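To start, the structure itself, in structure tokens.
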Amino acid sequence: MADGTPTNFSSEVVGKTLTKADFVESVYSKIGGLSRRDSAEIVDLLFEAVKETLSRGEPVKISGFGNFVVREKKARVGRNPQTGRDIEISARRVLTFKPSQVLKDQLNT
Amino acid sequence: MNKSELVEKLAERAKITKKRAEQVVNLVFDQMTEALKRGERIEIRGFGSFTSKAYDAYTGRNPRTGETIHVPAKRLPFFKVGKELKERVDYPPGAAPRLDHSLELSSSHDSDDDDDDDSDD
């Protein structure tokens with residue numbers, strides 16, 4: 001019975017890159033009752049929900065993984081390294097990720 | 001937003017049960033953790049990428065006590081925000097607050113092409 005279960009996400013090859021397709025495959029194969037198309041839509045909705053929240057400037061905290069936090073950076077004076085002239089670096093909002101201690105411990109066991 | 005709020009939002013939008021949404025959220029973040037543990041990269045289009053970097057052991061010093069401490073080799077995860085999310089998080093073009101007046105531009109530089117002085121009347 002060909003169930004189309006992929007095996008690619010069990011490989012241990014260093015240098016491999018995990019992508020959304022891998023999430024879709026594991027949602028599809030490990031959670032019953034969803035088509036591949038449903039699985040893809042759900043994975044997209046998951047990341048879209050996270051992005052939307054961050055776009056509003058709100059943090060997203062995933063316990064056991066880490067916190068995504070939007071930080072406000074004030075405008076400051078920088079220098080163009082090519083001309084040596086001072087330039088204004090505009091105020092900006094940037095996204096930072098702080099890994100949880102759990103994740104850091106996981107990487108070192 | 002924390003994980004349970006994310007679960008609720010996902011359940012609502014995907015029209016699936018909370019239980020199922022929770023399984024999805026756990027599955028995805030567990031899979032990311034496992035990939036990072038194996039030293040793999042994660043690349044999520046429109047969101048960003050995760051990598052882990054290995055650091056060698058070194059002998060450090062506790063700055064407060066001066067005591068020598070051994071810092072073991074370790075691996076740390078890093079996130080780089082993707083272009084789309086970076087732009088969505090930042091101010092819209094032209095909407096960023098301007099530089100504080102107390103900071104002045106190019107006063108310490110002897111550039112002779114300072115051509116922005118207003119010509120009076």
Side-chain angles (χ1 to χ4, degrees), chain A residues 9 12-20 22-23 26-27 30-31 33-34 38-39 41-43 45-51 53-55 57-66 68 70 74-77 83-88 90-97 99 103-104 106-109, chain B residues 1-3 5-6 9-10 13-14 16 20-21 23-25 27-50 52 72-81 84-86 88-91 96-100 103-109 111:
Chain A
F9 56 85
E12 294 235 346
V13 184
V14 173
K16 183 191 181 310
T17 298
L18 196 76
T19 66
K20 222 147 56 170
D22 297 299
F23 301 135
S26 68
V27 167
K30 290 179 186 171
I31 298 177
L34 296 169
D38 290 338
S39 305
E41 196 193 326
I42 292 168
V43 169
L45 287 169
L46 165 59
F47 286 105
E48 188 49 43
V50 172
K51 287 194 280 185
T53 304
L54 294 170
S55 302
E58 287 175 36
V60 174
K61 301 180 175 189
I62 307 297
S63 61
F65 190 78
F68 296 91
V70 177
K74 287 197 193 119
R76 63 193 168 88
V77 177
T83 65
R85 298 201 69 180
D86 287 346
I87 47 168
E88 174 179 338
S90 62
R92 57 195 65 203
R93 290 197 198 109
V94 298
L95 178 59
T96 59
F97 172 68
L103 177 60
K104 288 199 273 186
Q106 287 271 309
L107 294 194
N108 292 285
T109 49
Chain B
M1 182 165 80
N2 59 27
K3 197 154 91 176
E5 290 164 333
L6 176 60
K9 186 161 280 187
L10 179 61
R13 295 198 178 169
I16 54 177
R20 189 164 274 189
Q23 288 177 314
V24 171
V25 170
L27 195 55
V28 167
F29 286 103
D30 287 351
Q31 203 179 358
M32 290 205 264
T33 301
E34 290 306 314
L36 290 171
K37 277 175 81 167
R38 292 193 298 262
E40 295 174 4
R41 257 173 64 82
I42 304 167
E43 196 175 309
I44 304 160
R45 205 68 70 78
F47 187 78
S49 59
F50 295 86
S52 71
K74 62 185 167 191
R75 209 135 51 105
L76 285 174
F78 287 92
F79 172 69
K80 185 171 186 286
V81 63
E84 182 208 320
L85 183 56
K86 185 180 181 173
R88 278 176 71 175
V89 163
D90 201 356
Y91 295 103
R98 296 298 307 221
L99 193 63
D100 196 305
L103 300 167
E104 270 174 44
L105 289 174
S106 65
S107 50
S108 61
H109 283 280
S111 52

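By convention in this document, chain letters (A, B, ...) are assigned in the order of the sequence lines, proteins followed by strands, and residues within each chain are numbered from 1. Nothing here was measured: the structure is a model prediction, and the numbers come from that model.
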Among [options], who wins on heavy-atom pairs under 4.5 Å with chain B?
options: A:S39, A:P59, A:S90; value: A:P59
options: A:I31, A:T83, A:V27; value: A:I31
options: A:K104, A:E41, A:Q106; value: A:Q106
options: A:E58, A:K20, A:R92; value: A:R92

Could you tell me which portion of [X] (side chain, backbone, both or neither) has an atom closer than 4.5 angstrom to a non-hydrogen atom of chain A?
X: B:V81; result: side chain
X: B:L76; result: both
X: B:K37; result: both
X: B:L36; result: both
X: B:I42; result: both
X: B:T33; result: both
X: B:R75; result: both

Can you tell me if B:Q31 and A:S26 form a side-chain donor-acceptor pair at under 3.5 Å?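 B:Q31 vs A:S26: donor-acceptor pair found between side chains.
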Does the side chain of [Y] come within less than 4.5 Å of [X]'s, by heavy atoms?
X: A:K51; Y: B:E84; result: yes
X: B:V25; Y: A:F65; result: no
X: B:E5; Y: A:T53; result: no
X: A:L46; Y: B:L6; result: yes
X: B:F50; Y: A:L18; result: no

Kindly give the heavy-atom pair with the smallest separation between [X] and [Y], and that separation in Å.
X: B:D90; Y: A:R93; result: OD1-N, 2.9 Å
X: B:V28; Y: A:F23; result: O-CE2, 3.8 Å
X: B:A73; Y: A:N108; result: O-OD1, 4.3 Å

Could you check which of B:R41, B:E34, B:M32, B:R13 has the highest count of heavy-atom pairs closer than 4.5 Å to chain A?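 Answer, by heavy-atom pair count under 4.5 Å with chain A: B:R41.
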Chain B heavy atoms under 4.5 Å from A:L103: which part of the residue, side chain, backbone, both or neither? side chain
With a 4.5 angstrom heavy-atom cut-off, could you sort out which part of A:V60 is near chain B: side chain, backbone, both or neither? both
Separation between CD1 of A:I42 and CD1 of B:I16, rounded to the nearest 0.5 Å: 4.0 Å
Going by an N to O cut-off under 4.0 Å, is there a salt bridge joining A:E48 and B:R88? yes
Expected output: side-chain B:N2 to main-chain A:K61 donor-acceptor under 3.5 Å: no
